[in-house]
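What follows is a single structure, written as structure tokens, with notes after it.
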Amino acid sequence: MTPPAGQLSENSRRLARNTLMLYFRMFMLMLIGLFTSRVVMRTLGVDDYGVYNVVGGVVTVFTFLTTSLSAAVSRFLAVGLGEGDAGRLRRIFSTGLVIQLGLALLLVLLVETAGLWWLNHKLVIPAGRMGAAHWVLQCSLGVLVVTLLAVPYNAAIIAHERMSAFAVISLVEAGLKLGVALLLYVSPYDKLVSYAALMLAVAVLVRVLYGLYCRHHFAEARGRLEYDGALTREMASFAGWSFFGSSAYVFNTQGVNQVVNLFFGVAVNAARGVALQVEGIVKQCVSNFLTALNPQITKAWAAGDKEYCFELVRKGAKYTWLVILVFLIPVLGEAELLLDVWLGPDKVPPHAPTFLRLALLGLLADLAGNSLHTLVQATGRVKRFYLITGLTSYLGLPLVWLAFKLGAGPAWAYILFIAVYLVVLAERLILVHRQTGFPLQPYLRLLLLLVMTSCFSLMFCLFAHGLGWAPGWRLLFSTVLGWVSVAVYTWRFLLTDGEKAWVRRKLWILRSKVSRHE
């Protein structure tokens, strides 16, 4: 059943409004995050920054639990809103919180046993820093537990599409993290220990803010906890296969980070940490759009409007790719210059420029199929999807270990990640087509156009790199030319008639406002 035109228009307006709100949030977070990372990197130094990255990663390995439960709770809340059953909505939220409490206890047990053993007996930590590393482990565990308990509240905000709350609270969080970075300058205590403890304090404060907002605005977040056994089994079954898929990704990132430490030490971990900072910013830009888009995919599927649902999935792939490409254009040719400007020429860890380029290419392979993943979650039938794609994804970590054992350099961690997730993308597409009837031809045509757009624009980077100009002018020329080419190619081949009409309308409104001011 197709919703009336007015409802589609309202959905589109809400999607655009939420996306703009999230991109404003992203822009501010990016500025604050880049400055904060620079301060932290320069204050801690390469070795301590590498220690924080790898030891924090011991705990982060378990974040697949958080990711999977968040997706499950968000999906059930979105469906509950679509059904309009307030009682079931309350039970979903409460049950999700009970499950998170149980998982938090399990995480504490795992980290305090297996995590401590791994830190004490396997990780390569510089002499004299093991005590600080233990503080980092405990504080990182605290951050993860607090984050886990916040999952139902975050999921409620996403399901209700209250993106303004994300924008405001995230800006508060970024401001607190900036304050942490500045406090490191004057801290009389061990800088690494101080940083870990202050980051835990920020996580607790942010968790309190999310809780207060949800309790004030959403009825399902108020009242006493209730346990629904049938709903628990239903959510656990859904999330169980999500655990399988999400854990593979975490092992291929944080797990590989541990393997890198065993073979190459904390300096290379620091380089991966730098690449991870930029990768995180780009993923945040992508998630801004997908956070606004994903609830609509779920609701459209629940309402039986497959055509609109499939259109949203293609939009997700298109704009995900274009956002990553915007960042990739300047990085591909001038990563060294950008890192020198950001961190300082004497503070860039070895391998960081190469890692940064490969990390962004890896995001293209991984995130291009993210909206397909959302579509499968909307159906509720995820077992076969996660089983096949998860088994393929798990090849990443053993392949990296084998490559390092045979003498490969650290960059091969990213190369093998890209190869594995290209195969996973193909599997996602085939499985979604068989399960939902999602049409292959329009999606493949879209991917071909996106690849052609990328090749066309990245040629300007290579052309500019060979001109022999000063690095700054070369960066400016290649970036502007690359972005213009993406804009032209996108307008000509990638935008639908409706999207072009929306852009023209917004430009006309902007021109009218400028004319009135003149």
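Just the heavy atoms: all of them, side chains too, but no hydrogens, waters or symmetry mates, feed the values below.
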message = Assess the residue pair Trp321 and Leu446 against the criterion (side chain to side chain contact (heavy atoms under 4.5 Å, CB included)); give the C-alpha distance rounded to whole Å, side-chain angles, the decisive distance to 0.1 Å, and a yes or no.
response = CA-CA 11 Å; Trp321 188 291; Leu446 173 64; over 6 Å; no
inquiry  = Closer than 3.5 angstrom, by distance alone: can the side chain of Asn53 be matched with the main-chain N or O of Arg272 as a donor-acceptor pair?
reply    = no
Close aromatic pair by centroid cut-off 6.0 Å: Phe264 and Phe404 = yes
inquiry  = Is it the case that the side chain of Arg357 and the backbone of Leu332 share a donor-acceptor pair, with hydrogens and angles ignored and the cut-off at 3.5 Å?
reply    = yes
inquiry  = Within the supplied structure, the quantity of interest is the number of heavy atoms (other residues, nucleotides, ligands) at a distance under 6.0 Å from Trp491 CH2; does it exceed 12?
reply    = yes
key: Within 45° cone of Phe493 ring axis and under 6.0 Å: Arg445 NZ or CZ   = no
task = Could you grab the distance from atom CG of Leu387 to atom OG1 of Thr392, nearest 0.5 Å is fine?
result = 9.5 Å
message = With rounding to the nearest 0.5 angstrom, report the CG to CG distance, Leu176 to Leu171.
response = 11.0 Å
inquiry  = Within this structure, what is the CG-CG distance for the pair Leu450 and Leu325, rounded to the nearest 0.5 Å?
reply    = 8.5 Å
ask   = Between Gly362 and Phe417, what is the shortest heavy-atom contact and its length?
value = O-CE2, 3.7 Å
query = Any donor-acceptor pair under 3.5 Å linking the side chain of Asn257 with the backbone of Asn269?
reply = no
Backbone N/O of Val54 and side chain of Gln258: donor-acceptor pair under 3.5 Å = yes
key: Heavy-atom pair with the smallest gap, counting every atom of Leu425 and Ala365   = CB-O, 4.2 Å
inquiry  = Rounded at 0.5 Å granularity, tell me how far CZ in Phe327 sits from CD1 in Ile281.
reply    = 7.0 Å
message = Restricting to non-hydrogen atoms, name the atom on Pro410 and the atom on Phe355 that form the minimum distance, rounded to 0.1 Å.
response = CB-CZ, 3.7 Å
inquiry  = With a 3.5 Å distance limit and no angle check, can you tell me whether Gln296 reaches the backbone of Leu312 through a side-chain donor-acceptor pair?
reply    = no
query = Is there a side-chain contact between Leu363 and Glu279, using heavy atoms and a 4.5 Å cut-off?
reply = yes
ask   = Could you walk me through whether Leu338 and Leu356 pass the side chain to side chain contact (heavy atoms under 4.5 Å, CB included) check?
value = CA-CA 11 Å; Leu338 291 170; Leu356 181 54; 5.8 Å; no
Closest contact, heavy atoms only, Tyr49 versus Ala270 = CE2-O, 3.8 Å
message = Quick check: closest heavy atoms across Tyr195 and Val180, and the distance to 0.1 Å?
response = CD1-CG1, 3.8 Å
ask   = How long is the gap from NZ on Lys315 to CD1 on Ile297, to the nearest 0.5 Å?
value = 11.0 Å
ask   = Any idea which heavy atoms bring Ile418 and Leu361 closest together, and the distance?
value = CD1-CB, 3.9 Å
ask   = Between Lys318 and Tyr443, is any pair of side-chain heavy atoms under 4.5 Å apart?
value = no
inquiry  = Less than 4.5 Å apart, side chain to side chain, heavy atoms only: is that true for Leu322 and Leu494?
reply    = yes
query = At what distance, to the nearest 0.5 angstrom, does CD1 of Ile324 lie from OH of Tyr319?
reply = 15.0 Å
task = Among Leu337, Val348, Val278, find the residue that satisfies the side chain to side chain contact (heavy atoms under 4.5 Å, CB included) test when tested with Trp342.
result = Val278
query = Using the ring of each side chain (for Trp, its six-membered ring), is Trp301 parallel, tilted or perpendicular to Phe310, with breaks at 30° and 60°?
reply = tilted
query = If we only count heavy atoms from C-beta on, is the Phe438 to Leu429 side-chain gap below 4.5 Å?
reply = yes
task = Give the intermediate values and the outcome of side chain to side chain contact (heavy atoms under 4.5 Å, CB included) for residues Glu427 and Phe385.
result = CA-CA 8 Å; Glu427 291 176 341; Phe385 180 86; over 6 Å; no
Evaluation steps, side chain to side chain contact (heavy atoms under 4.5 Å, CB included), between Thr320 and Asn370 = CA-CA 9 Å; Thr320 292; Asn370 194 279; 5.5 Å; no
Distance-only donor-acceptor pairs under 3.5 Å for side chains of residues 476-487, two or more places apart:
from	atom 1	to	atom 2	distance (Å)
Ser478	OG	Arg474	O	3.0
Ser478	OG	Leu475	O	3.2
Thr479	OG1	Leu475	O	2.7
Trp483	NE1	Val326	O	2.9
Ser485	OG	Leu481	O	3.4
Ser485	OG	Gly482	O	2.6

